[in-house]
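First comes the structure, then the notes that go with it.
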There are 4 protein chains.
Amino acid sequence: MAPPVRTQRADAARNRASLLAAAEKVFAEKGHAASVADIAVAAGVAKGTVFRHFATKEDLIASIVCDHLAVLSGAARKFADSSDPGEALLEFLTVAADQRRQHDLTFAQTASDHDPRVVNARTELHESLDVLVGRAREAGVIRADITEADVFLLMCAPVHAVENVADPSPTLWRRYLAIIFDGLRPQGAHPLPHPAPVLP
Amino acid sequence: MAPPVRTQRADAARNRASLLAAAEKVFAEKGHAASVADIAVAAGVAKGTVFRHFATKEDLIASIVCDHLAVLSGAARKFADSSDPGEALLEFLTVAADQRRQHDLTFAQTASDHDPRVVNARTELHESLDVLVGRAREAGVIRADITEADVFLLMCAPVHAVENVADPSPTLWRRYLAIIFDGLRPQGAHPLPHPAPVLP
Amino acid sequence: MAPPVRTQRADAARNRASLLAAAEKVFAEKGHAASVADIAVAAGVAKGTVFRHFATKEDLIASIVCDHLAVLSGAARKFADSSDPGEALLEFLTVAADQRRQHDLTFAQTASDHDPRVVNARTELHESLDVLVGRAREAGVIRADITEADVFLLMCAPVHAVENVADPSPTLWRRYLAIIFDGLRPQGAHPLPHPAPVLP
Amino acid sequence: MAPPVRTQRADAARNRASLLAAAEKVFAEKGHAASVADIAVAAGVAKGTVFRHFATKEDLIASIVCDHLAVLSGAARKFADSSDPGEALLEFLTVAADQRRQHDLTFAQTASDHDPRVVNARTELHESLDVLVGRAREAGVIRADITEADVFLLMCAPVHAVENVADPSPTLWRRYLAIIFDGLRPQGAHPLPHPAPVLP
DNA sequence: TATGAATGAGCGTTCATTCAT
DNA sequence: TATGAATGAACGCTCATTCAT
């Protein structure tokens, strides 16, 4: 009963998803050195098929970045409903760091900065974060001068810090998340030498 | 008294220095995408000249990384003599972040991890940092459970955080250094969920 | 019945064959100085296409050498069935010299010495030659102390000799083949000052 | 008493000679892959000094080839006085093959074909050989239809033959010289299918 | 639609040669 | 004169992208 177009679209969507998953893995493993051929092999398709789904390599990267941002938006929205705003923020940061730890796409960040889909996804994340951080701030579990932008910018710092360790324990980043989160707390806070940035 | 042969060497040394400076700049701007040709153009020399001074591109990168590490070692040793261990540590972190802000070579870190000169330079930095951090810890200005490795790993976090801002204020990183440094302080510290790593 | 996928393969195979032919010609003309670009131009394809068919320049050279060796093996086996072992050996040497005259790949011999495919092809030639030379020896048309290795090593000598002539008659090499073949005959043979080598 | 110009010339001549010796060795070892830098290092001088003595790399190669040809001319002239023309020819071929064995410059042959100094040196060798071979022919120790050109062209064949052996006994070439020399002898000679070439 | 062969710009690197010292 | 730093053309090779099948 299903029209053939549907079937094709379903196939294509499945292909696209498996390509994204393969690319995410390959990029995380090889970083910038990952080639389209590598990704095609990992996805079990021909090189040309990658370009059927993603116009350019940059487009593929941007799609992955979008997915990551969407996952984070979802997490931020979900945790924003929590009755414990401090715990919610910490849990969000834990999810964010863990995502980054599993698939480090730092190299892709700047590259896809100008892609409109990425801009949208980031905007959405900013909005979700604004709620989450606002509640934590109002509850007094983080300083009054900490903004959504601060959380966004510090989000990946724990994993970045660990990146310089040769063979890190898979939970070492939690140490640095704890340190940074302590820095966000109001207890013993020193005044900050620079106002928070306004992100687009 | 005047060394007669030095003239040539002086020229070559000047060239080498300008090559290093140009490469530092180009790498900071373009990251891994910087080509040897780019660097040669920036330094105003022919491509072949780059290879006269640095056997491979990797060698050039390692040389820059070594220089950076040496500057940091020097700063750490200098500040270790200070009478105010807390201020000394903060000043060191300020120097480190500012260096990184001017020339971000994050991409090079991993690449030159196995170069013996880089290993040596890093070892030296670890030793210098050990003294600096030890004094701050003993003076009680940072938590008792913070080690030299923690400082080393968090050293670049403020600049990393800022990297996601499109056109950042040149001193925005100080905001994040302040937050992280507050996280290192003993006031209001929560226990850390993971022991500090042991760096080689 | 018609294999549908063969069309692409046929194209690629044709390209590969024309690449091999072009490379054979260019290498014969320019020796080691032949560049991959030269070969690509001669074959009417882009440089990258050469590397699609042959992983490296060395691989391409080895492929040509293999082909040459296989042709010689085939000739040796074919002539080994002859009822006139002396004539058969002479005909083989004629084929071998003529092949070499058309495409001198002396320079490639040593270069591809370690390629396993070349090693195999050479081993096969040695085995074929062993039969051919053995029969000639048993028939008494060549000396009793001449081995397959001798024939293998002297095989290209006639063409080599002619290489020092500026614009040689295309059959001049036959003169030197005749002289050398006379040297292999039992009539008027002097004892040899060194035993035959054992080739792998 | 000696004018300083003489001293300089003597120095220069010594330098030139040591450069030639070093180059001969390096070329024999590395063939075409030998670089001017390799030669300079082997001679213990700077790269620029090589070009003070030899305008181009080709010029250097031509000079070595000239030297080799001159040595052979000398040998040919010396042996031409012998009372045993057959032995004299064999001895000349032995010297020629041994020279080639020690320093294989096959790769250089064609390259320096058009250098006028090489042309001269070769002409001189042809003249010397003409006498040597003429006497052997007249004495009946080689066929009546063998010319100086034949000997010239077959001169290096024994060493060439051995070149395909991986780790040859240093006297293996004598085996092939003996075979080829037997081919030159009148006993059991078959008529040759092509007239001797006329070399310039 | 999916394939993978072809493309060609660009890469890191080498090296004969030039030239200021 | 001898040096070795600088040059730049050329090399082998890679890879994102295009396109015929």
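The basis for the numbers below is simple: all heavy atoms, side chains too, and nothing from hydrogens, waters or symmetry mates. Every chain is numbered from 1 and lettered A, B, ... according to where its sequence line falls, protein lines coming before strand lines.
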Exercise. So what does the secondary structure string of DNA chain F come out as, 5' to 3', with Watson-Crick or wobble pairs under 3.5 angstrom, [ ] for crossing and | for pairs with another strand?
Worked result: .||||||||||||||||||||

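Taking atom CZ of residue D/Phe51 and atom P of nucleotide F/dT3, one finds them 14 Å apart after rounding to whole Å. Between B/Leu60 atom CG and E/dG12 atom P there is a gap of 11 Å when expressed in whole angstrom units. Nucleotide E/dA9 holds its C1' atom 15 Å from the NZ atom of A/Lys57, rounded to whole Å. Straight-line distance from the CZ atom of A/Arg16 to the P atom of E/dA2: 13 Å, rounded to whole Å. Summarising the geometry, the separation between CZ on A/Arg52 and P on F/dT21 is reported as 16 Å, rounded to the nearest angstrom. For the pair C/Ile39 CD1 and F/dC11 C1', the computed distance is 12 Å after rounding to whole Å. Atoms CZ (A/Phe54) and C1' (F/dC15) sit 19 Å apart, rounded to a whole Å. For C/Arg14 and F/dA20, the CZ to P distance is 16 Å, given to the nearest whole Å.
Comparing B/Asp38 and C/Gly44 against DNA chain E, the residue whose closest nucleotide sits nearer the 5' end is C/Gly44. Residue A/His53 is the one, among A/His53 and D/Ala55, whose nearest nucleotide of DNA chain E lies closer to the 5' end (criterion: closest heavy atom). Take the nearest nucleotide of DNA chain F for B/Ala46 and for A/Gly48: the residue whose nucleotide is more 5' is B/Ala46.
Minimum heavy-atom separation, C/Asp104 to C/Glu163: OD2-OE2, 2.6 Å.
Side-chain N/O atoms of C/Ser112 and C/Arg117 include no donor and acceptor closer than 3.5 Å. Side-chain atoms of C/Thr56 and C/Asp59 form no donor-acceptor pair, as typed in the model, at a separation below 3.5 Å.
To the nearest 0.5 angstrom, B/Cys66 atom SG is 10.5 Å from B/Leu20 atom CG. A distance of 6.5 Å separates NZ in B/Lys57 from CD1 in B/Ile39, rounded to the nearest 0.5 Å. Taking NE2 of D/His160 as the start and CZ of D/Arg100 as the end, the distance is 6.0 Å to the nearest 0.5 Å. Note that the CZ atom of A/Arg16 and the CG atom of A/Leu60 stand 9.0 Å from one another [nearest 0.5 Å].
For C/Val45, taking side-chain heavy atoms from C-beta onward, the closest of the listed nucleotides F/dC13, E/dT7, F/dA2 is E/dT7. Distance from the side chain of D/Thr56 is smallest for E/dT17 among the nucleotides E/dT3, F/dG4, E/dT17. When distances run from any side-chain atom of D/Val36 to the nucleotides E/dA16, E/dA2, F/dC13, the shortest one goes to E/dA16.
Close placement of the D/Phe27 and D/Phe107 rings is indicated, their centers lying within 6.0 Å of each other.
A donor and an acceptor atom sit less than 3.5 Å apart, one in the side chain of B/Lys47 and one in the base of E/dT13.
A/Ser35 has no side-chain polar atom (N or O) that falls below the 4.0 Å cut-off from OP1 or OP2 of F/dC15. Dashed line: the shortest gap from a side-chain N or O of D/Asn15 to OP1 or OP2 of F/dA2 is under 4.0 Å. Contact annotation: B/Thr49 side-chain N/O to F/dT7 OP1/OP2 distance is under 4.0 Å.
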